[in-house]
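For reference, the structure is listed below as structure tokens.
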Amino acid sequence: MTDTVTGAAKTDYSATLFLPKTDFPMRAGLPQREPDWLKRWEDMDIYALQREQAKDRPLFTIHDGPPYANGNIHIGHALNKTLKDLVSRSMQMLGFNSAYVPGWDCHGLPIEWKIEEQYRAKGKDKNDIPVVEFRQECRTFAEQWVDVQREEFKRLGILGEWDNPYLTMSFDAEAQIARELMKVATSGQLYRGSKPVMWSVVERTALAEAEIEYADIESDIIWVKFPVHSGGGDIKSGAFRDLNASVVIWTTTPWTIPANRAISFSSKIAYGLYEIIKAPEGNWASVGEKYILADKLAAETFAKAKVEEFVRIGDIDPGHITLCFHPLRGLSNGYQFAVPLLDGDHVTDDIGTGFVHTAPGHGLDDFEIWINSIRLLADKGISSEVPYVVGDDGFYTKDAPGLGPDAEGGPARVIDDNGKKGDANNRVIAALAERNAMVARGRVKHSYPHSWRSKKPVIFRNTPQWFVYMDRDIMGAAGDTLRHRMLNAIDVTKFYPPAGQNRLRAMIADRPDWVLSRQRAWGVPITVFVNKATKEILKDEVVNHRIADAFKAEGADAWYKDGAAQRFLGDAYKADDYEMIRDVLDVWFDSGSTHAFVLRNKQKWPHLKFPASMYLEGSDQHRGWFHSSLLESCATNGHAPYESVLTHGFTMDGEGRKMSKSLSNTVAPQDIIKQYGADILRLWVASSDYSEDLRLGKEIIQTIVDSYRKLRNSLRWLLGNLAHYDAKDAVNAKDMPELEQVILHRLAQLDTQVRTAYKEYDYRKIVTLLTNFMNIELSAFYFDIRKDALYCEPISSLKRKSALTALNHLFDCLTAWLAPILVFTMEEVWLERHPGDGSSVHLRLFPEVPAHWLNADLAAKWQLIRAVRRVVTGSLEIERCEKRIGSSLEAAPKVFIVDPRYLAALDGQDLAEIAITSAISIETREGPAEAFRLDDVAGIAVMPAMAQGKRCARSWKMLPEVGTDPEYPDVSLRDAQALRERAAAGL
RNA sequence: UGGCCCGUAGCUCAGUUGGUUAGAGCGCAUGCCUGAUAAGCGUGAGGUCGGCAGUUCGAGUCUGCCCGGGCCAACCA
């Protein structure tokens, strides 16, 4: 029974200690347990409780950009929705009423396409199905995916109005979208223009790029002369104003010649004037003709033209050639217009002649340079109108004189109903040859766009479209253009990160007029009637109301029902006098209008405000939703629908590469949830710099999992100790030991830092701040030091009660601060101490932290104390390496201090307790040379020494006093006192 | 090809108006503890700050070029 030298205790006092006591599991089991919390929140309807609780608070509205309702969610969706949830939840906890209404984009091509695919699989044809029926199938398809995505989003822990979301296809929405369109029309911002689109003659429909596949095709290729009409000097060997020269172009689509309106050249290419010296009799390119060609391509062109000898007369700057004649000039008295030369970057001298035949109705490059040259054309007195040379059936129209309906034998055709090449090319070539406009012809095999469905070639074809003016004065107000409104709106919008502002501004500054129309079925129709005689859009509020009311009751299908035109026009107009537009709206108009049918619908969503506090999407949405919403709202409201815009990057793989199925480096949110849990995914989002592209891979997830574990364990220890806390033992800050006061000071500092970071949407700062605090200051310092007091001190101990009180404050703050991020774990932690049906960490605000906890002087003083501590623990490490000690409690070092600042700081402090040694002696003199020192802590030296006395069997400290208490001879006096108190309390 | 953005230890991130030997957490290695224990504490090793050139007394920070990566440039959302 007698303890000897080492004082090794035989009695096990652990039952007499206040050891951590908790059922909170060390391992989270998130994948299994998270669904339970979700069910709990749903059962208590926590979203409604939040609204009720916050009903008198200022509104904060993060407006959901609608994902497209097809397919499962991917990691990008998860990132986006999680960020929105972080914003929404933190704003709620900062004292706002932060409602979140999720939405879905439901109209559009991809869904339409899926339905068509199903038809194809069943051998049916879309064109045989009534439009209303087809639209109904699209609707059902979208509904199914809304349900799937809703469950996937909820599983991420996203809190929102899931049972009352918005859908762009709801009748309400369709009605409001039509109203918005009619607002744009009525205010004179809508006009009908035209634009070349990919057109399938076989299917009689416009096609999207996604519906196009490329295949080799053999095309006719022709070289054509455009006689120079007039020009300036600048040629070395003399003026060419009156010389009989032609610009030579090259094209693989001879049928577009009637649509030619310009020739493009490049000022970066060298051109020359050439004369033919020798050529075969009867050759198209005959002796004496003069051609203008890119120097690099002249020889090749002459070879194709069978020219045997030619001479270069001199340099030519095509910029000085004002105009050319059209090569079909005079055919059926048509083509009398002048053909200008335009300088364009898309022109190269790799192939062809260095001149590009430009038919603005049949190519995007052509169209763009044409539209961009409107001012130049006006200066030259040339009409900028784009002709409709080819009809939807592939036949030439009256805009192609001599080849269209006026031609002998009827109009020529580009492509027939079976997708075969028509007679257009041959007839054009014949007409050109007849007018001596041909230089050469040939054939070429090249890649050409085909319809994905019919596998037949498509053509670029000018098609009537509806546009919104960017630069026309709205309602006659001088300078009040849509572009101007948008640029102003951008200036008063806050961007996170700030670079987004420039990006959006540059896009708005550059963008052409908004093309609203799509030749599609699944969308909101452009609810416009055009007077057949005057071509004017009907502007009648009564008609407009009739349309909107019908849409609200029956959906936009009303537009497609029999007799719809007369129904909407009413008695005042005759349906026969009006063209009812069959195009649907660009889906960007739908989603661009969400602010109108969601934020302003106070009946349905009373907790939302307009304009929204924030729009938050991926950086691609500068061109997308941010852009279209700004367009729509500026057109109809004159200002932005948002006060701020937050953008995030894209999710890359672990190496920073784009995720793609072909690289098989994709990470599915569903897999992460299944394996690790949604809180891990959320912690990844919060830890990342979302302003750039985010990386996600195995190693990164493991890092996140590790830091989650560490954090969880610290909270678990907190919970275990707080099991012994009783609120009636709470200690006021001013009565606490300095160590506790320092912790409270840190809490007060963090309170400001955390709130500021949340207000700035800087989540990674919060994660860094809190993990550093918890790891360095709590786990490795405060908790480590206070274990002794918490476990061993007597029941009555002020130190222990103070520590428990501090732990309670820590608990309150940390659980709240982390709640928006670790929504499941913080609920679990919170309920461990505050169970109850109505209890939830998510019904809390960030706690009020008393400002008087701040104590900078004390904190500075403890910086000095911690510096001394570092020297002590450093010296202990040497002893440990030398195997002289194991536990730090075996040591009782000597600390030499001369610096009065350190001495003052340590005055009244128990350095042994702070350094977790059994004893420490401080000597106010220079330490011996062999003493342990740290480079960055001048004036502190430590000499090792073994602790004296026996080891206390309860606290494991080694103290001379152990053995002096006759009643408890194997423990220290403090522990003896603790045991007496326990006995007295009947424990 | 154009517009915008990014590139600091194995990972996630700090690095103030250019100013000493570039920092943190985690991971890794290693020692201790065994009353937070599939935990806790200590110590240590890791970086030509994407590359090159320039401005400067001085550059991770400013400029140019190059390399690598991303978003946008769609009748895709």
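For clarity, every value in this text was computed on a predicted model and none was experimentally measured. Residue numbering restarts at 1 for every chain, and letters A, B, ... go by the order of the sequence lines.
Side-chain proximity of Met26(A) to the nucleotides C71(B), C11(B), A36(B) is greatest for A36(B). Which of C71(B), A36(B), G3(B) sits closest to the side chain of Lys658(A) comes down to C71(B). Across C72(B), G35(B), A77(B), the shortest atom-to-atom separation from the side chain of Ser14(A) is found for G35(B).
Glycosidic conformation at G54(B) (O4'-C1'-N9-C4 for purines, O4'-C1'-N1-C2 for pyrimidines): anti, more than 90° from 0.
With hydrogens and angles ignored, a donor-acceptor pair closer than 3.5 Å exists between the side chain of Ser779(A) and the base of A36(B). Counting atom types as modelled, Arg503(A) pairs a side-chain N or O with a base atom of C71(B) as donor and acceptor under 3.5 Å. Evaluation of atom-type donor-acceptor distances gives a pair under 3.5 Å for the side chain of Trp588(A) against the base of A77(B).
For A36(B), the OP1/OP2 oxygens have no side-chain nitrogen or oxygen of Lys710(A) closer than 4.0 Å. At the phosphate of A74(B), neither OP1 nor OP2 sits under 4.0 Å from any side-chain N or O atom of Arg518(A).
Atom CG in Leu889(A) sits about 12 Å away from atom C1' in C32(B), given to the nearest Å. In this entry the distance linking NZ of Lys21(A) with P of A39(B) reads 24 Å, nearest Å.
No engagement by Ser707(A) is indicated, since no non-hydrogen atom pair under 4.0 Å with the nucleic acid exists.
Residues Phe783(A) and Trp717(A) place their aromatic rings such that the two centres sit under 6.0 Å apart. Ring pair Trp199(A)/Phe460(A): centre-to-centre distance not below 6.0 Å. Note: Trp588(A) and His107(A) fail the aromatic proximity criterion, with ring centroids not under 6.0 Å apart.
Thr16(A) and Arg954(A) share a side-chain donor-acceptor pair at under 3.5 Å. Remark: the Glu152(A) side chain and the Asn72(A) side chain contain an N/O donor-acceptor pair separated by less than 3.5 Å.
Taking CG of Leu83(A) as the reference point, atom NE2 of His648(A) lies at 6.0 Å (rounded to 0.5 Å).
No aromatic stack links Trp717(A) and the base of G40(B), using centre distance under 5.5 Å and interplanar angle under 30°.
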Handout entry: Strand RNA chain B as a dot-bracket string - pairs counted if Watson-Crick or G-U with both distances under 3.5 Å, | where the partner lies in another strand
Key = (((((((..((((.....[...)))).(((((.......))))).....(((((..]....))))))))))))....
